[in-house]
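Below, all heavy atoms of this structure are taken into account, side chains as well, without hydrogens, waters or symmetry copies.
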Amino acid sequence: MLRLMFFELAKVWKKHHFVLSICVLLFIHIFLLWYTSLPNEKRPPCSSYKNIQKQLMNMSEKQKAGYITELKETIDGVCFVQDILVMQSSQNEIGDALAKQELQNNAHIFEAYYDLYQSGEYLKFTDSLEQEKTLIDEIYTEWKKVSGYNDYLSSIQENKEVLSNISIFGGQNQDSYSARNLQKSAADYTHLSDKNIQFIPSKSITCTMESVWIDVLLFLLVMSFVGNLITQEKEKKLFLITRSTKYGILHSIGAKLIALFIHCLFVTIIFYCVSLVFSYYSMGAFNLSANLQSVSVYIESCLNISIAQYIVLSIITKAVVLFGIGTILISFSILSNIMVVPFLIGFVIVGVSTMMYVWIPAGSSWSIFKYLNPVGIIKTQNLYGGYLNFNLFGYPVSRQLLSFIVLMLLCIVGIVSDLLLFWRMQDCEIRKIQLPFLLSFKPHVYILWHESYKILITNHALIIFLIVVLLLGAKSFEQTYKPSEKEQYYQDIMRKLEGELTEEKELLVLSEQKRYKEAFQKIDEIDEMVNAKELSEDMANTLKYQANITLSFYPAFQRVETQYQHIKEYGGAFVYDTGYLYLFGVWENVFYIHFLVLSIGIILVTSGAMSMEYQADSLYLIGVTKAGKRKIFVYKFLICISMASILTLVPIICRAIHIACVYPMSSIGATIQNISYYSHFLFSLPIGGFILLFVFSQIVTSILIVVITLALSIWRKSQTQTIFFALLILVVPMILKLLGFEIAKWFSLYPLYSWVK
């Protein structure tokens with residue numbers, strides 16, 4: 001049995017396409033970990049969590065309390081200053097009245113944090129106030145929850161005492177479910193204390209253990225393993241031989257089931273170890289020996305275990321859930337003589353479980369079905385990190401206990417069904433079915449249609465193409481644009497100035513210049529009076545208050561002055577340029593993300609275009625056809641560059657629409673030199689022409705990626721090797737750049753793709 005088990009395991013794992021599928025899914029897993037952790041306007045980058053975790057690592061709990069509280073007070077003070085400035089810049093009576101009222105109540109806060117707000121030194125972990133506030137608020141909320149753990153435990157015991165006191169006076173029935181539930185909760189938490197509670201930010205742990213993508217990818221690997229284990233053997237008619245041997249029935253299915261369990265456990269360990277390594281290097285290390293309740297999201301757990309024990313327990317539980325699903329799939333694989341049916345059943349099981357978990361409310365009487373299904377059990381962050389009892393006939397029963405019973409029943413039913421069905425199996429072959437198509441495919445009529453069908457449908461490039469389109473589109477619309485008070489001021493004045501310079505527009509610029517000049521003069525006069533000891537510092541700060549508010553918008557007006565000086569010296573027109581600066585990546589460097597996703601997508605979509613002919617040995621037939629090999633390769637090249645061009649246009653169009661909704665992009669006929677950032681551009685192009693040049697350069701970059709990929713495909717004659725070498729040449733330099741090796745970008749096509757910024 002042992003030798004047969006290793007044989008069954010090796011039979012699947014030694015297949016090149018299966019190992020390749022694991023590598024591809026691992027690559028997808030790493031990519032999704034990185035992609036879903038990318039920062040946006042409000043979401044902090046991973047490095048900020050790493051930095052704050054590094055600061056907290058060697059602190060005592062008392063020091064953590066002081067440090068986090070100080071961070072919270074500082075960011076709240078800075079945000080208060082920003083809110084006051086926003087209200088004052090609204091230029092309406094309500095805003096001014098609210099600002100005055102807030103200043104009267106909290107004048108000391110404004111004075112304490114105004115200079116810090118102006119200097120920008122409050123940014124310790126991120127690059128913007130929104131990200132900094134999100135990070136510190138998140139850390140503060142988590143710390144507050146963990147620091148109050150002892151109070152949380154006390155409240156559970158107090159609830160029991162209150163119940164007992166009420167019961168003495170006959171106000172509460174001790175035999176009711178709520179009374180029993182309070183007593184059980186108190187008993188479950190009795191053995192816990194705050195002895196080994198050490199506050200740990202939850203981001204790195206939740207990123208490791210709560211990614212839904214891992215469960216999806218692991219489910220796909222289980223389906224693939226079962227397909228190789230049963231369905232492919234039926235397709236090759238191997239069971240007609242193995243079932244006739246001395247140990248061909250029970251030993252065979254027993255070995256297959258053991259091999260399935262080892263596979264489930266092994267791939268689960270691999271994927272979660274990869275997540276753990278990713279979190280460690282991107283978000284910082286955390287103390288694995290600390291109690292699970294040190295992480296705020298798991299504070300309700302009644303288990304006295306460490307974080308390391310929780311991770312191990314979660315991995316084992318997930319592996320057993322996958323094994324249980326796998327045994328059910330094996331049963332349907334044995335019963336069915338149609339290859340696709342078992343996999344459809346697998347998707348139905350997971351789909352129904354997901355719908356029950358998502359749609360059934362947590363507080364409803366049907367909640368038992370929400371949590372006691374494969375999807376509910378595999379979410380171990382709720383199973384071990386939370387606390388829940390179900391009402392069974394008036395008695396509280398732990399979700400963990402019922403989950404273990406359901407999981408055990410799932411595995412037992414699956415194993416027994418597999419043994420019985422395999423013993424009585426009649427259909428030892430697979431019947432292939434043909435699906436009808438409304439539009440019949442005629443490969444001999446149109447060569448372009450024929451080659452498109454081969455690349456997109458036969459080689460499955462269409463699926464990858466659509467996934468990449470969704471990723472690029474989603475990333476483009478994910479960013480939120482919210483003009484600051486300074487940007488709003490700049491937008492208002494530039495919308496009035498846009499176009500050719502006129503006397504009226506010049507008067508507007510000069511009047512603003514005069515207003516700022518007077519504010520500077522007033523501050524200089526007050527400083528001179530302070531130096532002459534005619535004024536105290538407090539009185540000087542009070543007198544400077546209005547001038548400082550005016551000057552807080554001066555950096556925005558300097559952009560207006562720059563355009564004004566350029567027009568006076570070289571001619572031209574005013575252009576509201578914020579939208580263009582975002583679009584061209586000057587103010588929002590998203591090109592490296594788009595280029596990385598685009599490169600990977602183009603490589604995966606086009607890698608099989610040429611190599612599929614070599615792998616199928618069809619070039620000998622193509623060479624003697626009327627069209628010939630060269631013409632067919634030209635068609636393939638046109639199809640590939642068409643797909644690459646569409647992929648390139650997706651983020652450009654999506655970002656242009658998204659940005660224009662907030663920052664209007666007009667004056668498209670003005671020359672590009674009217675935008676201050678491009679004032680020294682060599683050619684006098686209209687902005688519209690510059691946009692076309694920008695789009696053209698990115699499409700050319702994508703075409704070069706296609707050329708390199710197709711050349712590798714012709715050279716290596718293998719899709720797998722083409723993907724490997726293309727990723728090595730085109731993607732690895734960008735990954736090195738992201739890791740901090742800036743020089744690596746010059747060994748890629750990225751400079752051509754992003755030359756406008």
Side-chain angles (χ1 to χ4, degrees), residues 29-40 42-57 64 68 125-126 131 134-147 149 152 197-218 268-269 271-303 305-318 321 357-358 362 371 375-388 478:
H29 170 45
I30 296 169
F31 172 77
L32 289 172
L33 281 173
W34 168 77
Y35 192 78
T36 54
S37 301
L38 290 173
N40 58 26
K42 291 187 177 180
R43 184 168 61 204
C46 293
S47 58
S48 62
Y49 290 96
K50 186 175 184 178
N51 292 335
I52 201 167
Q53 195 134 285
K54 194 181 295 182
Q55 293 288 336
L56 297 172
M57 184 171 291
K64 289 178 185 177
I68 294 172
F125 306 106
T126 63
Q131 289 181 342
T134 300
L135 174 67
I136 294 175
D137 284 349
E138 179 183 330
I139 297 297
Y140 180 79
T141 302
E142 291 178 357
W143 166 78
K144 198 75 176 172
K145 196 173 180 180
V146 173
S147 64
Y149 183 65
Y152 174 72
I197 301 297
Q198 305 168 23
F199 170 67
I200 298 172
S202 64
K203 182 68 174 180
S204 55
I205 301 173
T206 54
C207 178
T208 302
M209 301 305 299
E210 298 184 13
S211 173
V212 68
W213 293 107
I214 304 183
D215 300 332
V216 173
L217 297 176
L218 289 174
T268 306
I269 291 172
F271 273 72
Y272 278 96
C273 283
V274 168
S275 295
L276 198 61
V277 171
F278 175 85
S279 297
Y280 177 85
Y281 282 104
S282 62
M283 301 175 194
F286 50 86
N287 185 5
L288 290 170
S289 62
N291 270 25
L292 179 61
Q293 292 80 2
S294 298
V295 184
S296 65
V297 291
Y298 305 138
I299 199 169
E300 294 181 3
S301 174
C302 64
L303 301 177
I305 58 175
S306 66
I307 294 172
Q309 290 171 325
Y310 160 71
I311 293 173
V312 172
L313 191 59
S314 295
I315 289 174
I316 294 172
T317 304
K318 289 174 182 288
V321 173
Y357 185 83
V358 172
Y371 296 108
V375 171
I377 297 172
I378 207 169
K379 291 183 176 295
T380 54
Q381 65 269 22
N382 298 327
L383 183 62
Y384 301 126
Y387 183 81
L388 180 64
E478 181 189 49

- Partner of H29 under ring-ring contact (aromatic ring centres under 6.0 Å, His included), picked from F278, F271, Y35, is F271
Kindly compute the distance separating [atom1] ([X]) from [atom2] ([Y]), expressed to the nearest 0.5 Å.
| X | Y | atom1 | atom2 | value |
| --- | --- | --- | --- | --- |
| I52 | L135 | CD1 | CG | 4.5 Å |
| L383 | T317 | CG | OG1 | 6.5 Å |
| T268 | I378 | OG1 | CD1 | 7.5 Å |
| F31 | W213 | CZ | CH2 | 10.5 Å |

- Item | All salt bridge (charged side-chain N to carboxylate O under 4.0 Å, His left out) counterparts of K318, not counting sequence neighbours | D215
What pairs with [X] under side-chain hydrogen bond (donor to acceptor under 3.5 Å, both in side chains), at least two apart in sequence or on another chain?
| X | result |
| --- | --- |
| S282 | none |
| E138 | Y49 |
| S48 | none |

- Task: Taking the side chain as every heavy atom from C-beta outward, state whether S275 and S211 have any atom pair closer than 4.5 Å.
- Result: no
- Contact check, side chains of K203 and C46, non-hydrogen atoms, under 4.5 Å: no
- Query: Does S301 have any side chain to side chain contact (heavy atoms under 4.5 Å, CB included) partners at least two apart in sequence or in another chain, and if so, which?
  - Reply: L292, Q293, L303
- Item | Partner set under side chain to side chain contact (heavy atoms under 4.5 Å, CB included) for N51, not counting sequence neighbours | F125
- Would you say the side-chain atoms of N291 and Y149 include a donor-acceptor pair closer than 3.5 Å? no
- Message: Let's go through T126 and T134 carefully: what are the C-alpha distance in whole Å and the side-chain angles of both, what is the deciding distance for side-chain contact (heavy atoms from CB on, under 4.5 Å) to 0.1 Å, and is it a yes or a no?
- Response: CA-CA 10 Å; T126 63; T134 300; over 6 Å; no
- Task: Would you check if the side chain of S279 reaches a backbone N or O of L276 as a donor-acceptor pair within less than 3.5 Å?
- Result: no
- Test item: S294 side-chain N/O and Q198 main-chain N/O as donor-acceptor pair under 3.5 Å: yes
